[in-house]
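What follows is a short report on a single structure.
All values below come from the heavy atoms of this structure, side chains included, with hydrogens, waters and symmetry mates left out.
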There are 2 protein chains.
Amino acid sequence: MGATKRFIYNQSINEVANIAKVFAHPARVAILKYISEQEGCINNDLVDEIGLSQATISQHLSVIGDAGLLKGRFEGKKKCYCLNVERFEEFQTLLNSFFIKTKTNCC
Amino acid sequence: MGATKRFIYNQSINEVANIAKVFAHPARVAILKYISEQEGCINNDLVDEIGLSQATISQHLSVIGDAGLLKGRFEGKKKCYCLNVERFEEFQTLLNSFFIKTKTNCC
DNA sequence: ATTTATCATCGTAATATTGCAATATTACGA
DNA sequence: TCGTAATATTGCAATATTACGATGATAAAT
């Protein structure tokens with residue numbers, strides 16, 4: 001009880017859900033938006049910008065990163081995050097094709 | 001602690017997150033897919049089809065419904081769910097424009 | 001070497017979500 | 001009206017997520 005039964009769904013369904021999960025928290029949406037607006041390095045500007053603790057931002061960043069959406073680079077002690085555009089576009093395409101496939105029939 | 005601090009984000013960010021949340025569970029993705037594949041009435045076909053309890057399916061349906069994605073109709077004692085295509089397309093558009101806006105700059 | 005800044009991780013508390021059994025509710029047909 | 005099928009709601013246990021303080025690791029600056 002309690003845990004999502006991922007094993008009962010096929011791979012493409014789980015894939016859509018997993019992608020959506022990344023965007024299902026406003027902090028992560030805000031982080032992605034902010035990253036896209038910056039040129040070059042962003043560090044924990046995000047902490048000031050968004051208003052969550054450094055630990056929480058870092059946690060959200062790792063969710064985004066685990067999904068493959070970040071390219072990170074250290075420049076001295078500052079971490080420079082930027083969007084992995086290829087992966088991001090892959091997500092866009094996958095979600096979009098889910099939408100297209102789904103909206104065919106109606107009663 | 002513990003609860004998402006929605007109030008610190010602007011409306012458009014929360015909107016994206018709320019939309020994504022609907023698709024962030026495989027059961028809901030599977031339900032939407034199944035509904036789109038059926039002509040006319042679906043009842044608790046979903047229970048057999050997906051393999052969750054009736055209570056759980058009903059719960060997920062109400063999340064989908066609260067998001068405005070269902071048109072329900074009673075035909076006798078059976079509820080005929082179908083996709084609210086207009087709303088679904090609205091979701092598609094909103095997500096897509098988030099993707100487009102976001103993938104502009106990169107380091 | 002010591003301090004300072006940046007970021008990750010750990011531990012933990014608060015809250016949310018998922019899933020189900022049990023129990024309503026609703027609508028039909030006998 | 002009674003029984004029954006379909007669906008919704010309630011209550012609860014299990015699990016996941018969110019958030020943060022504390023701690024640790026690393027690298028620059030002093």
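- Computed from coordinates, the A/Leu61 CG to C/dA8 C1' distance equals 11 Å when rounded to whole Å.
- Residue A/Ile64 forms a side-chain contact (heavy atoms from CB on, under 4.5 Å) with just one option from A/Val29, A/Leu69, A/Leu83, and that option is A/Leu69.
- Taking the side chain of A/Ala55 as heavy atoms from C-beta on, and the options C/dT9, D/dT15, D/dA19, the nearest nucleotide is C/dT9.
- Computed from coordinates, the B/Asp45 CG to D/dT7 C1' distance equals 13 Å when rounded to whole Å.
- Nearer to the 5' terminus of DNA chain D, by closest-nucleotide assignment, is the contact made by A/Lys21 (compared with the other of A/Gly51 and A/Lys21).
- Taking only side-chain nitrogens and oxygens, B/Thr56 never comes nearer than 4.0 Å to OP1 or OP2 of C/dG19.
- Between B/Tyr81 and B/Ile31 the shortest side-chain heavy-atom distance does not fall below 4.5 Å.
- Look at CG on B/Asn18: it is 13 Å from P on C/dA16, rounded to the nearest Å.
- Note: CG (B/Asp66) to P (C/dT17) measures 12 Å, nearest angstrom.
- Using a 4.0 Å cut-off, no side-chain N or O of A/Ser58 falls inside it from OP1 or OP2 of C/dC7.
- Distance from the side chain of B/Thr4 is smallest to D/dT18 among D/dT18, C/dT18, D/dG21.
- Between B/Gln59 atom CD and C/dA24 atom C1' there is a gap of 15 Å when expressed in whole angstrom units.
- Among the heavy atoms of the strands lying under 4.0 Å from A/Arg28 are primed sugar atoms or P, OP1, OP2 only; no base atom is included.
- For the pair A/Leu52 CG and D/dG21 C1', the computed distance is 14 Å after rounding to whole Å.
- Under the Watson-Crick or G-U wobble criterion, with both distances below 3.5 Å, C/dC28 is paired with D/dG3.
- Annotation: B/Phe23 is in aromatic contact with A/Phe99 [ring centroid separation under 6.0 Å].
- Considering only side-chain N and O atoms, B/His25 lies nowhere under 4.0 angstrom from the phosphate OP1 or OP2 of D/dA16.
- Nearest-nucleotide assignment on DNA chain C puts the 5′-proximal partner with A/Ser62, out of A/Ser62 and B/Arg6.
- Taking 4.0 angstrom as the limit, A/Lys5 places none of its side-chain polar atoms (N or O) nearer than this to OP1 or OP2 of C/dG19.
- A/Asn96 has its side chain within reach of B/Asn96: a pair of non-hydrogen atoms, C-beta onward, lies under 4.5 Å apart.
- Spacing between atom CG of B/Leu46 and atom C1' of D/dT7 amounts to 12 Å, rounded to whole angstrom units.
- Considering only side-chain N and O atoms, A/Tyr81 lies under 4.0 angstrom from the phosphate OP1 or OP2 of C/dA8.
- The phosphate of C/dG19 (OP1 or OP2) has a side-chain N or O of B/His60 nearer than 4.0 angstrom.
- More than 12 heavy atoms of other residues, nucleotides or ligands shown are found within 6.0 angstrom of NZ on B/Lys21.
- A/Gln54 has its CD atom 17 Å from the P atom of D/dT18, to the nearest Å.
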